[in-house]
Structures are given as structure tokens and as C-alpha cells.
Asks: 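I have a structure here, written as C-alpha cells, and I will follow up with some questions on it.
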Number of protein chains: 2
Amino acid sequence: MTAGLVHIVDDDPAIRDALGFLLRSRGVRSTAWDDGAAFLDGAPAPEVACVILDVRMDGLSGLEVFDILRERGVDLPVIFLTGHADVPLAVEALKKGAFDFVEKPFNDNQLVDTVIAALERAAAARRHNRDRDLLAARMASLTPREREVLQCLVEGRLNKQIADHLGVSMRTVEVHRARVFEKMGVRNAVELVAQVGSLAPES
Amino acid sequence: MTAGLVHIVDDDPAIRDALGFLLRSRGVRSTAWDDGAAFLDGAPAPEVACVILDVRMDGLSGLEVFDILRERGVDLPVIFLTGHADVPLAVEALKKGAFDFVEKPFNDNQLVDTVIAALERAAAARRHNRDRDLLAARMASLTPREREVLQCLVEGRLNKQIADHLGVSMRTVEVHRARVFEKMGVRNAVELVAQVGSLAPES
DNA sequence: CGTTCTGTTGCGGAAAACCACAATAGCGCG
DNA sequence: CGCGCTATTGTGGTTTTCCGCAACAGAACG
């Protein structure tokens with residue numbers, strides 16, 4: 001049983017049923033939506049998922065749905081399905097970050113392989129997002145002064161230099177430094193840079 | 001005058017001429033090749049450039065030329081031109097990293113804008129490649145022992161811990177440490193991690 | 001054999017980092 | 001006004017980092 005849920009968004013019930021059956025036969029859970037609006041309004045957000053999205057639908061088009069997803073900051077992998085050969089549309093979708101773009105009729109196994117790969121991408125992205133969110137929360141917990149000291153730390157500066165730069169004593173820098181490490185959950189400046197990445201390029 | 005050179009690879013002389021003229025009118029240098037093999041054999045490597053590549057040619061196809069370029073480690077941006085609506089081919093090219101995929105007939109201004117964007121990408125990649133090559137050269141200059149010490153350093157370990165781990169004295173670690181910093185052109189462990197990136201994820 | 005390179009180690013001294021304990025001041029809020 | 005938070009600073013002591021100077025050993029190469 002592959003982890004994650006596949007959202008099938010297509011106004012053709014035959015396609016929805018066929019895809020649902022196909023995915024089930026390969027141990028993949030799915031749920032079907034008969035148009036883009038229904039999907040955007042009803043889909044649960046916080047889990048590993050991907051979307052199979054028909055390009056041409058009444059109401060919102062596939063691309064419009066995709067744009068709305070991205071505007072909402074939803075980064076689920078999206079696999080577009082199309083029954084019409086439209087190269088510029090395919091190019092546009094892929095350049096906007098679509099996971100894949102598949103013409104009907106498609107090869108069943110290949111499509112499911114693509115879906116599984118998309119779910120794996122979604123899982124990886126979820127882990128990455130979690131790390132990123134934790135980092136952001138930690139950064140947000142810093143006081144303004146602590147943030148200034150962190151900036152100097154990741155540039156590799158000595159406490160003495162930081163003290164001069166901020167116009168305070170070295171002891172004060174040491175206090176802020178210790179607080180930064182504590183809040184960021186690191187033990188030293190090396191771990192801090194590894195976590196935060198370099199905020200200042202090396203000259 | 002936009003920096004860089006555009007390689008026009010197309011077996012149709014009318015297209016080659018028209019594109020050459022179009023680019024010149026926008027201040028972009030170009031050079032034309034009548035087939036993929038000629039381009040691969042004759043194109044000079046070390047400058048900012050991009051490629052406009054026809055998909056369908058006698059001899060090597062556009063995609064085959066692209067594959068060969070990538071196998072050679074050449075990462076010039078490639079803009080494919082095609083006179084045939086072929087969605088799977090477009091999708092394949094883009095997923096392999098093509099810069100763009102354009103159907104004929106195309107909009108002149110849009111194509112040149114795309115070319116200019118591709119040249120900018122090439123320039124940025126050149127700078128990035130230079131940094132990457134310098135880093136690789138520096139890493140290659142390290143002795144085996146120095147490499148081991150570097151690994152421990154970027155994990156944020158104390159000299160005492162590194163000494164225990166490697167079974168040597170702290171003085172030895174200090175010597176290797178100083179040599180690593182010197183060869184990598186950094187002043188301390190923070191700058192080293194910033195340069196090398198974290199080679200060991202924080203637990 | 002001499003030279004170069006890599007790896008190792010000790011001594012002693014200086015600089016830098018770290019921190020417990022303690023205290024003060026200013027600001028915002030209920 | 002009292003409280004909590006942020007920012008600041010000092011003292012004294014410990015640990016860690018840094019390095020000049022010096023020396024030795026083993027391996028590889030011409």
C-alpha cells in the first residue's frame with residue numbers, strides 16, 4: 001500500500017472510475033472530484049498527496065486550478081492529463097512546475113509509476129517543509145538583538161568583532177550568543193550555519 | 001550587445017538565416033550549424049552561450065544532440081524548435097532539462113526574449129560552475145588525513161573529540177585543522193561550513 | 001642517498017570562548 | 001504598581017583554540 005492519496009480531478013466519470021480502479025489495483029488510495037472547484041473547496045490539506053488533473057474541464061481549467069493551488073502555497077505534485085496535443089500548454093505547465101504532462105490515451109503502468117513517483121516527491125517535500133517550518137519558528141522566536149548577533153555569527157566573526165560592531169561589551173555578545181544557540185537548538189556556530197545556511201556569502 | 005553567443009543548429013538554411021538576422025537585429029551574436037554533428041564537433045566550449053536546436057534533422061536528432069551535450073557535461077541552455085506538435089517529446093525534453101520548447105511558427109520577439117533569458121542563465125551557471133570548480137580543486141588538494149579532519153570539523157566536533165575519534169593527539173588535530181583552513185581559503189570552521197555546505201546532516 | 005611529502009607529537013604562551021552568579025535599566029501590559 | 005521581557009555589564013575561573021618552534025618517522029621518487 002503506497003502512502004498518500006491521489007486526487008483525481010476530471011469531469012468525465014468514466015475516466016475517474018477507470019483511474020480509481022487502476023490505482024486501487026496497484027495499492028494506491030484515491031478520491032475523485034468532478035471539477036476543479038469541488039476539488040479546491042473539498043480536498044483535505046495536511047497529508048501526502050498528489051493530483052491527477054484534466055486540462056480541459058468546464059468551469060475552471062486544469063491550469064487555472066494549478067495556478068490557484070500555487071497561489072495558496074499548496075505544492076502538491078500535479079500530473080496533467082490531456083486529450084489534445086497542445087505543446088505550448090504542456091510547456092507552460094511544466095515550466096510552472098507541474099510534475100508531468102500526459103496525453104490520453106496513456107499507458108496504465110507508466111501512469112501509475114508516475115503517480116507513485118509523485119507521491120514520493122510529495123513525501124520528501126513534506127519532510128523538507130517540516131524542517132523549514134521548524135527553522136522558521138525558531139528564527140521567529142529570536143529577539144531583534146539575537147537576530148543581529150546570529151547574523152554576525154554566521155559570517156564567522158569573533159565575539160570581539162561583534163561587540164565592536166554592535167557597540168556592546170563582549171560579555172553581552174556571549175549572552176546573546178548562548179541564547180541564539182539555545183533557541184536554535186544547536187551547540188555551536190558550525191551547527192548553526194549548517195542549519196541556517198550561510199546568510200552572508202563568503203567574500 | 002547581449003553577452004554570449006547563440007548556436008543555431010538547423011538543417012534548413014532559411015531558418016538559420018532568418019534566425020541569424022533576427023538575433024543580430026536585437027544585438028545578439030550567433031553562429032549557424034547545418035546539423036548536429038557539425039555543431040558538436042565544431043562549437044567552441046568555454047564561453048557564455050546557448051543553443052537553438054531543431055528537433056527534427058537528418059543525422060542526429062535534436063534530442064540526441066542534447067543527450068550528447070549532457071553526457072559531455074556541457075550544461076548550455078537549449079531551446080528546442082519544432083514544426084510538429086509532439087507533446088511527449090516536449091515533455092521529455094523539458095524534464096531532461098531543456099530551457100524551452102517552441103513550436104514553429106514562433107513569435108520573433110518572444111523567441112529573442114527567451115534567448116536573452118537563456119544567455120543570462122548561462123552566465124549565472126558559468127559563475128556557479130567556477131565556484132564549484134574552485135571548491136573541487138581545493139578539496140582535491142587535501143591529504144587523506146586532512147579530509148578526515150574536515151569531515152569532523154563540519155560536524156561541529158571539538159578538537160578533543162576529533163583526536164579521540166582518529167586516535168591522535170590534539171596537537172595533531174590542530175595542525176591538520178590549520179592546514180585544512182589554509183588550503184580551503186577560510187579563516188575558521190564557520191567559513192568552512194559555509195563554503196563546503198554541511199556534509200553531515202545535523203542529528 | 002637526498003629530498004619531499006605526509007603524519008605525528010611536545011612545550012609554552014596567548015587569545016578566544018564559555019558561563020555561574022549577580023545586578024541594573026527601560027519598556028509594555030494588566 | 002508589579003511583573004515579565006529585553007538588553008546590558010562585571011567578576012573570576014575554566015575550557016578550548018591557536019600557533020611558533022622543534023623534532024622524528026616512514027614512504028616514495030629520482
Side-chain angles (χ1 to χ4, degrees), chain A residues 134-203, chain B residues 134-203:
Chain A
L134 176 61
L135 176 62
R138 284 174 163 166
M139 291 290 290
S141 76
L142 299 178
T143 64
R145 202 57 153 173
E146 286 163 357
R147 215 164 278 121
E148 285 175 327
V149 170
L150 178 145
Q151 176 65 48
C152 294
L153 287 176
V154 298
E155 291 171 7
R157 296 181 178 282
L158 303 180
N159 288 348
K160 170 199 283 198
Q161 292 170 329
I162 300 172
D164 288 344
H165 176 63
L166 299 180
V168 296
S169 74
M170 278 191 14
R171 183 74 190 89
T172 298
V173 172
E174 288 169 5
V175 171
H176 290 313
R177 184 190 182 109
R179 294 281 288 171
V180 167
F181 289 169
E182 183 193 338
K183 289 181 177 182
M184 300 304 289
V186 298
R187 289 171 296 185
N188 53 49
V190 167
E191 289 185 6
L192 182 64
V193 175
Q195 187 189 44
V196 168
S198 174
L199 300 176
E202 183 200 337
S203 59
Chain B
L134 176 61
L135 176 62
R138 283 173 163 166
M139 292 290 288
S141 75
L142 300 178
T143 65
R145 201 58 153 173
E146 287 163 359
R147 215 164 277 123
E148 284 176 328
V149 170
L150 179 147
Q151 176 65 49
C152 294
L153 287 176
V154 298
E155 291 173 5
R157 295 180 180 281
L158 304 180
N159 289 349
K160 170 199 283 200
Q161 292 171 330
I162 299 172
D164 288 344
H165 177 64
L166 299 181
V168 296
S169 74
M170 281 193 8
R171 185 72 188 92
T172 299
V173 172
E174 287 168 9
V175 169
H176 291 311
R177 184 189 180 105
R179 294 280 291 173
V180 167
F181 289 168
E182 184 192 338
K183 288 182 176 182
M184 299 304 289
V186 297
R187 287 172 298 185
N188 52 49
V190 167
E191 290 185 3
L192 182 64
V193 175
Q195 187 190 43
V196 169
S198 174
L199 300 177
E202 185 202 336
S203 56

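Sequence lines set the chain letters: A, B, ... in the order given, protein chains first and strands last, and positions in each chain run from 1.
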Asks: With a 4.0 Å cutoff (strictly under), does any side-chain N or O of A:Lys160 reach OP1 or OP2 of C:dA16?
Replies: yes

Asks: Side-chain contact, heavy-atom cut-off 4.5 Å: A:Leu153 with B:Val190?
Replies: no

Asks: Would you mind telling me which residue lines up with the more 5' stretch of DNA chain C, A:Arg157 or B:Ser169, judged by nearest nucleotide?
Replies: B:Ser169

Asks: How long is the line joining CE of A:Met170 and P of D:dA7, in whole Å?
Replies: 20 Å

Asks: Contact class for B:Thr172 (heavy atom, under 4.0 Å): base, sugar-phosphate, or nothing?
Replies: base

Asks: Over how many whole Å does the gap from B:Leu142 atom CG to C:dT6 atom C1' extend?
Replies: 13 Å

Asks: Quick check for you: to the nearest 0.5 Å, what is the distance between B:Arg187 atom CZ and A:Arg157 atom CZ?
Replies: 7.5 Å

Asks: Could you check how far CD of B:Glu148 sits from P of C:dT6, rounded to whole Å?
Replies: 15 Å

Asks: Establish whether the base of C:dG10 is bridged to the side chain of B:Arg171 by a donor-acceptor pair shorter than 3.5 Å.
Replies: yes

Asks: Of the options D:dC19, D:dA7, C:dG10, whose atoms approach the side-chain atoms of A:Arg145 most closely?
Replies: D:dA7

Asks: Decide yes or no for B:Lys183 and B:Thr143: does some side-chain heavy atom of the first lie under 4.5 Å from some side-chain heavy atom of the second?
Replies: yes

Asks: If only side-chain N and O atoms of B:Thr143 are considered, is one of them under 4.0 Å from the OP1 or OP2 phosphate oxygen of C:dC5?
Replies: no

Asks: Which nucleotide, D:dC18, C:dT6, D:dA7, lies nearest any side-chain atom of B:Asn159?
Replies: D:dC18

Asks: Any side-chain heavy atom of B:Met184 within less than 4.5 Å of one from B:Met139?
Replies: yes

Asks: Could you state the atom-to-atom distance from CD of B:Glu191 to P of D:dC18 in whole Å?
Replies: 12 Å

Asks: Minimum heavy-atom separation for B:Gly156 and A:Asn188, please, with both atom names.
Replies: O-ND2, 2.9 Å

Asks: So, B:Glu174 and B:Arg177, do they make that salt bridge, N to O below 4.0 Å?
Replies: no

Asks: If each of B:Val175 and B:Ser141 is mapped to the nucleotide of DNA chain C with the nearest heavy atom, which maps nearer the 5' terminus, i.e. the 5' end?
Replies: B:Ser141

Asks: Nearest whole angstrom, please: distance from the P of D:dT6 to the CZ of A:Arg147.
Replies: 11 Å

Asks: Measure the distance from CD on A:Glu174 to P on C:dA15 and round it to the nearest whole Å.
Replies: 16 Å

Asks: How many Å lie between CG on B:Asn188 and C1' on C:dA16, as a whole number?
Replies: 12 Å

Asks: Check step by step if side-chain contact (heavy atoms from CB on, under 4.5 Å) holds for A:Arg145 and A:Val168.
Replies: CA-CA 11 Å; A:Arg145 202 57 153 173; A:Val168 296; 3.4 Å; yes

Asks: Over how many whole Å does the gap from A:Arg187 atom CZ to D:dT15 atom C1' extend?
Replies: 16 Å

Asks: Which nucleotide in the list C:dT8, C:dT6, D:dT17 gets nearest to the side chain of B:His176?
Replies: C:dT8

Asks: Picking from D:dT17, D:dC19, C:dA16, which would you name as closest to the side chain of B:Leu158?
Replies: D:dT17

Asks: If you compare every side-chain N and O of A:Arg179 against the phosphate oxygens of D:dA7 (OP1, OP2), does one of them come in below 4.0 Å?
Replies: no

Asks: Five pairs at each end of the helix from C:dC1-D:dG30 to C:dG30-D:dC1: take the axis at both ends and give me the angle between them to 10°.
Replies: 40°

Asks: Got a donor-acceptor contact below 3.5 angstrom from the A:Asn159 side chain to the A:Val173 backbone?
Replies: no

